[in-house]
Amino acid sequence: MKTLIQFLLATFTILACVCCKTAKEEKTDDKLNEITFADPTIFVENGKYYLTGTRNREPNGFAIFESTDLKEWKTANGDTLQLILRKGDSAYGERGFWAPQLFKEGNRYYLTYTANEHTALASSNSVYGPFRQDSIRPIDETAKNIDSFLFKDSDGKYYLYHVRFNKGNYLWVAEFDLQKGCIKPETLKKCFDNTEAWERTPNYKSAPVMEGPTVVKLDDLYYLFYSANHFKNIDYAVGYATSTSPYGPWKKHANNPIIHRSIVHENGSGHGDLFKGLDGRYYYVYHVHHSDSIVQPRKTRIVPLILKKENDVYSITIDKENVIKPMWK
């Protein structure tokens with residue numbers, strides 16, 4: 001009996017030491033880690049960058065990092081990864097929390113995102129959340145739709161760019177009522193078809209995929225950035241199209257794709273967001289495959305854009321020598 005008690009006490013002591021050591025290592029670990037957000041987006045305000053994206057892990061929802069230089073990131077509350085929207089906390093969806101977008105209207109922050117293969121909209125008084133819904137529902141219940149991006153035009157109107165399914169993924173746009181949180185269905189219009197060779201390569205067999213929209217207006221011309229190919233395809237890439245109207249017709253740029261593995265030397269480079277940096281320069285945040293042989297978890301990347309005006313249209317390329325790999329403690 002004495003031997004058994006001694007054994008149990010020794011075992012308990014060892015376990016206690018292991019637990020203490022683990023807690024200490026978690027608390028004092030200063031190692032920088034690569035951020036693994038897919039479908040990332042960056043919101044800029046008051047001298048800071050705020051980054052969120054698809055996590056694909058429990059607890060379901062979206063987390064946030066902040067930075068002042070785009071290179072090193074931290075959480076607002078120290079060691080704990082902070083969720084700004086959480087499954088079951090007055091938010092739509094039980095699975096598939098993908099492709100968020102942060103923006104601000106007045107004094108209110110908004111988060112549009114995908115869950116249950118539908119787009120949803122939540123709001124908060126703070127960029128750190130919690131983002132919640134007064135009425136827990138998707139934006140449009142009539143059909144599946146994902147990868148939402150809300151664009152505010154210079155006249156104050158909002159447009160929801162998103163993906164709908166029809167033997168593949170295609171980009172659509174509709175005018176959006178922010179107060180009601182819904183599209184105006186009579187304005188719904190498909191943006192364009194899968195027409196270019198780079199948009200459908202044979203390296204991964206799938207139906208046509210056009211997704212990850214971001215829209216910006218430059219000198220009265222609309223620029224629609226999008227990704228093509230299945231995200232598991234090594235040729236997942238980014239191109240853009242231009243139009244004089246938020247509804248199109250859209251003209252795809254001759255230099256597409258502008259982000260591709262042949263340019264950035266990492267597979268699966270795509271699905272991100274355009275933002276203007278604190279230095280006044282435009283950047284694109286996107287994700288890449290985890291490695292040459294593994295897709296998930298995808299890693300976050302940021303690259304400066306180079307804009308050169310040609311015949312009233314910006315020819316856009318990337319500063320491929322200065323790709324940023326965002327890290328966090």
Side-chain angles (χ1 to χ4, degrees), residues 39-54 61-66 76 82-86 89-93 97-115 118-141 145-163 171-188 212-218 220 222-225 245-247 272-278 280 282-285:
D39 319 324
T41 183
I42 288 179
F43 174 72
V44 186
E45 184 181 49
N46 299 329
K48 285 186 179 181
Y49 300 102
Y50 300 91
L51 168 68
T52 186
T54 300
F62 301 103
I64 193 167
F65 291 104
E66 65 175 54
Q82 182 174 353
L83 291 186
I84 58 174
L85 180 140
R86 183 186 294 266
D89 185 12
S90 297
Y92 174 78
F97 286 78
W98 307 329
Q101 176 207 1
L102 280 167
F103 67 98
K104 189 178 183 181
E105 178 63 54
N107 294 320
R108 194 77 176 164
Y109 296 87
Y110 291 87
L111 183 76
T112 178
Y113 65 98
T114 297
H118 282 79
T119 59
L121 181 69
S123 64
S124 173
N125 289 323
S126 169
V127 70
Y128 297 107
F131 285 85
R132 293 176 172 140
Q133 294 176 297
D134 293 329
S135 176
I136 301 174
R137 61 177 177 82
I139 287 172
D140 179 10
E141 297 179 278
N145 48 92
I146 65 172
D147 290 2
S148 50
F149 180 85
L150 274 173
F151 165 71
K152 185 179 182 181
D153 207 344
S154 51
D155 61 2
K157 289 183 178 179
Y158 271 99
Y159 297 87
L160 181 71
Y161 292 84
H162 59 287
V163 170
L171 297 172
W172 290 71
V173 60
E175 190 176 337
F176 187 78
D177 188 324
L178 185 62
Q179 297 303 315
K180 294 180 180 179
C182 60
I183 64 170
K184 297 181 179 181
E186 69 276 11
T187 68
L188 190 62
T214 293
V215 175
V216 64
K217 191 176 184 180
L218 302 172
D220 295 323
Y222 299 85
Y223 292 73
L224 169 55
F225 294 79
S245 163
Y247 293 110
D273 194 7
L274 184 82
F275 67 96
K276 183 177 278 191
L278 298 174
Y282 279 102
Y283 292 80
Y284 191 84
V285 57

Problem - Separation between CZ of Phe131 and CG of Leu102, rounded to the nearest 0.5 Å - result: 5.0 Å

Practice task
Identify the heavy atoms of Lys184 and Ala174 that sit nearest to each other, and give their distance.
Solution key: O-CB, 4.3 Å

Practice task
Might you point out which heavy atoms bring Ala99 and Phe62 nearest each other, and give the distance in Å?
Solution key: N-CE2, 4.5 Å

Problem - Results of salt bridge (Lys or Arg N to Asp or Glu O under 4.0 Å) for Asp89 - residues two or more places apart only - result: Arg132

Exercise for the section: State the CD1-CD1 distance between Ile183 and Ile139, to the nearest 0.5 angstrom. Expected result: 8.5 Å

Practice task
Give the minimum heavy-atom separation between Leu111 and Pro100, together with the two atoms involved.
Solution key: CD1-CB, 3.8 Å

Completion exercise
When every non-hydrogen atom of Lys276 is compared with those of Val44, the smallest separation belongs to O-CG2, 3.6 Å

Handout entry: Shortest non-hydrogen contact from Gly93 toward Ala115
Key = CA-CB, 3.7 Å

Practice task
State the CG-CZ distance between Leu160 and Phe151, to the nearest 0.5 angstrom.
Solution key: 12.5 Å

Handout entry: Any donor-acceptor pair under 3.5 Å from Thr52 side chain to Ala63 backbone
Key = yes

Problem - Where at least one partner belongs to residues 104-113, residue pairs that pass side chain to side chain donor-acceptor pair (under 3.5 Å), sequence neighbours excluded - result: Glu45-Lys104, Glu45-Tyr109, Lys104-Tyr109, Glu105-Lys152, Glu105-Tyr158, Arg108-Ser123, Arg108-Asn125, Thr112-Ser148

Completion exercise
The reported gap from CD in Gln82 to CZ in Phe65 (rounded to nearest 0.5 angstrom) is 10.5 Å

Problem - Pair Phe176-Leu121, side chain to side chain contact (heavy atoms under 4.5 Å, CB included): steps then yes or no - result: CA-CA 11 Å; Phe176 187 78; Leu121 181 69; 3.9 Å; yes

Exercise for the section: Only one of Thr54, Ile146, Val285 passes side chain to side chain contact (heavy atoms under 4.5 Å, CB included) with Asp39; say which it is. Expected result: Thr54

Problem - Side-chain heavy atoms of Leu150 within contact of Gln101, under 4.5 Å - result: yes

Exercise for the section: Answer yes or no: are there more than 12 heavy-atom neighbours, outside Lys157 itself, under 6.0 Å from its atom NZ? Expected result: no

Problem - Worked verdict on Ile42 versus Asp273 for side chain to side chain contact (heavy atoms under 4.5 Å, CB included) - result: CA-CA 7 Å; Ile42 288 179; Asp273 194 7; 6.0 Å; no

Exercise for the section: Would you check, one step at a time, whether the test side chain to side chain contact (heavy atoms under 4.5 Å, CB included) holds for Gln133 with Leu85? Expected result: CA-CA 10 Å; Gln133 294 176 297; Leu85 180 140; over 6 Å; no

Handout entry: Expected output: side-chain Thr214 to main-chain Gly272 donor-acceptor under 3.5 Å
Key = yes

Exercise for the section: Run the numbers on Tyr159 and Thr187 for side chain to side chain contact (heavy atoms under 4.5 Å, CB included), then give the verdict. Expected result: CA-CA 10 Å; Tyr159 297 87; Thr187 68; over 6 Å; no

Handout entry: Thr41 side chain reached by Leu51 side chain, heavy atoms, under 4.5 Å
Key = no

Handout entry: OH on Tyr247 to CH2 on Trp172, rounded to 0.5 Å
Key = 13.0 Å

Completion exercise
dist Phe43:CZ -> Phe103:CZ (nearest 0.5 Å) comes out at 10.0 Å

Completion exercise
For Tyr128, the ring-ring contact (aromatic ring centres under 6.0 Å, His included) test, sequence neighbours excluded, returns Tyr50

Problem - Contact check, side chains of Tyr282 and Leu218, non-hydrogen atoms, under 4.5 Å - result: yes

Practice task
For residues Pro246 and Asp153, determine if any side-chain heavy atom of one lies less than 4.5 Å from a side-chain heavy atom of the other.
Solution key: yes

